[in-house]
Amino acid sequence: MKKIQMVDLQSQYYKIKPDVDNAMLSVMQSAAFINGPEVKSFQQELETYLDVPHIIPCGNGTDALQIALMALDLKEGDEVITADFTFAATVEVIHLLKLKAVLVDVDYDTFTIDTEKLKAAITPKTKAIIPVHLFGQCAPMEEILKIAKTHNLYVIEDNAQAIGADYTFSDGSVKKSGTMGTIGTTSFFPSKNLGCYGDGGAIFTHDDHLAHKIRGIVNHGMYERYYHDEVGVNSRLDSLQATVLRKKLPLLDSYNEARRKAADFYDEALSGHPQILIPKRAENSTHVFHQYTLRILNGKRNALRDFLAEKEIPAMIYYPVALRKQKAYYQESNDEDFKNTDQLLEEVISLPMHTELDDEQLKYISDAVLEFMNMES
Ligand SMILES: *Cc1c(COP(=O)(O)O)cnc(C)c1O
């Protein structure tokens, strides 16, 4: 059996190696390393795929979030609501911009922001909501957009983990994750569902005015060369990364399908066990399984991880600490308001998930999980 990895980028690369190698070589020969034609082509191809008029590539997914917030002209102390259970980048950029992060609990089954808690957190200072499409499926966007409209709030979708997912509204219309709010952001970090071979990110919007503004912000606030209208940043997708992404974008749906097949295998193998909850698939969103995350109900999640490690099966705890309790972002809170997050921190474990898992590996992993759980119950 091939050695099991949390994410197997090498096997994925070898399948497209000649194509990618040639494309990278021609970028090097062209020497158009920054803002070259490859970046423009990738931008256009992604706009077509996502059906969104404006994509602004940038340096990484964290920059994408920061730049999205910068484009909204918020004032110091304005409140931005997001989930307490997510990757830290979301909250980090709120702090960096001297806005106030208002953290709320997530839904126990889908890991995405709890809309009742979200409503309760709105104050006259609230300006924006950042739903995170965690682990590969969309937050309840119809409800979130409704709340945002009622209270006149911006919505920034953190789509770093769910690119390619589809969300279906109650009128039957379908939209791609990241294209429903005011602005969407994503990351092309190598292990994401659409990953490059270094850092990369992008910002999406339907709004012409915001798109123009964001194009300036990513480039030192310049709208005309060497005239700086506002304080911006330097955040670019380079041509080598863009060329890799151009090779991988046409494969994204098949990559997501491979992840879904692996998830189906795990679901089938693990769903019957009384102490294991398999990830719930939300009704309105397809799931692209950035992570396959179980909830372990017997209180022995850490022992399971150690047991798997002995069998050379990597597994990860995403995430071990609530953001409200992190040293950098610490805030006083009432634990009663964060019951789901706090329970998930103790129960979640993410199994290996990538495009290259085969049935032999999936069976070995599932059998090991069941072996431990049956031994311990
Ligand atoms: C990966 C990730 C980011 C940050 O992306 P980088 O490209 O690593 O900066 C932001 N939000 C979420 C939810 C992520 O998973």
Side-chain angles (χ1 to χ4, degrees), residues 6-7 9 42 46 55-70 80-97 101 103-104 106-107 110-113 128-139 141 144 155-165 177-178 181 183-204 218 233-238 240-242 244-245 248 256 259 279 285 287-293 316-323 326 328-329 341 344-345 348 350 353-354:
M6 197 65 200
V7 179
L9 295 172
F42 171 64
L46 189 60
I55 289 194
I56 302 95
C58 66
N60 57 67
T62 309
D63 279 2
L65 284 163
Q66 179 179 332
I67 293 158
L69 283 170
M70 287 169 78
V80 180
I81 302 175
T82 192
D84 191 30
F85 184 73
T86 174
F87 180 59
T90 326
V91 172
E92 182 179 44
V93 298
I94 298 173
H95 280 256
L96 271 173
L97 296 173
L103 301 174
V104 300
V106 293
D107 178 70
T110 59
F111 315 114
T112 56
I113 197 162
I129 308 167
I130 308 185
V132 182
H133 302 322
L134 201 72
F135 300 155
Q137 63 185 349
C138 296
M141 288 305 293
I144 290 168
V155 176
I156 300 174
E157 297 174 68
D158 182 346
N159 192 33
Q161 299 191 4
I163 196 157
S177 61
I183 302 178
T185 66
T186 201
S187 163
F188 304 123
F189 186 78
S191 65
K192 306 283 171 162
N193 291 40
L194 178 60
C196 58
Y197 296 167
D199 276 309
I203 305 160
F204 333 141
V218 299
V233 295
N234 170 21
S235 187
R236 293 186 280 241
L237 182 72
D238 71 66
L240 285 169
Q241 301 312 329
V244 172
L245 289 165
K248 290 182 71 175
N256 284 341
R259 289 171 177 272
S285 175
H287 203 319
V288 296
F289 288 100
H290 179 60
Q291 299 297 343
Y292 184 88
T293 304
M316 297 293 287
I317 310 302
Y318 299 123
Y319 297 92
V321 182
L323 292 175
Q326 293 280 3
Y329 323 120
T341 292
L344 290 171
L345 302 173
V348 289
S350 296
M353 175 48 75
H354 53 80

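For reference, positions follow the sequence shown, starting with 1. In listed order, ligands and their atoms are each counted from 1.
- For Phe189, the ring pair (Phe, Tyr, Trp, His ring centres under 6.0 Å) criterion is met by no residue, not counting sequence neighbours.
- Side chains of His290 and Asn193: a donor-acceptor N/O pair is present below 3.5 angstrom, by distance only.
- Put simply, the side chain of Leu134 does not reach to within 4.5 Å of the side chain of Phe87, judged on heavy atoms.
- For Asp84, the salt bridge (Lys or Arg N to Asp or Glu O under 4.0 Å) partners are Arg324, not counting sequence neighbours.
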Determine, step by step, whether Thr86 and Leu323 satisfy the side chain to side chain contact (heavy atoms under 4.5 Å, CB included) criterion, reporting the C-alpha distance in whole Å, the side-chain angles of both residues, the deciding distance to 0.1 Å, and the verdict.
-> CA-CA 8 Å; Thr86 174; Leu323 292 175; 3.5 Å; yes
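- Partners of Gln137 under the side chain to side chain donor-acceptor pair (under 3.5 Å) rule, at least two apart in sequence or in another chain, do not exist in this structure.
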Give every pair made of an N or O atom of ligand 1 and a protein N or O atom lying under 3.5 Å apart, one pair per line with both atom names and the distance to 0.1 Å, or write 'none'.
residue: ligand 1; atom: 5 (O); partner: Ser187; partner atom: OG; Å: 3.3
residue: ligand 1; atom: 7 (O); partner: Gly61; partner atom: N; Å: 2.7
residue: ligand 1; atom: 7 (O); partner: Ser187; partner atom: OG; Å: 2.6
residue: ligand 1; atom: 9 (O); partner: Asn60; partner atom: OD1; Å: 3.4
residue: ligand 1; atom: 9 (O); partner: Gly61; partner atom: N; Å: 3.3
residue: ligand 1; atom: 9 (O); partner: Thr62; partner atom: N; Å: 2.8
residue: ligand 1; atom: 9 (O); partner: Thr62; partner atom: OG1; Å: 2.5
residue: ligand 1; atom: 11 (N); partner: Asp158; partner atom: OD1; Å: 3.4
residue: ligand 1; atom: 11 (N); partner: Asp158; partner atom: OD2; Å: 2.8
residue: ligand 1; atom: 15 (O); partner: Gln161; partner atom: NE2; Å: 2.8
residue: ligand 1; atom: 15 (O); partner: Lys192; partner atom: NZ; Å: 2.7

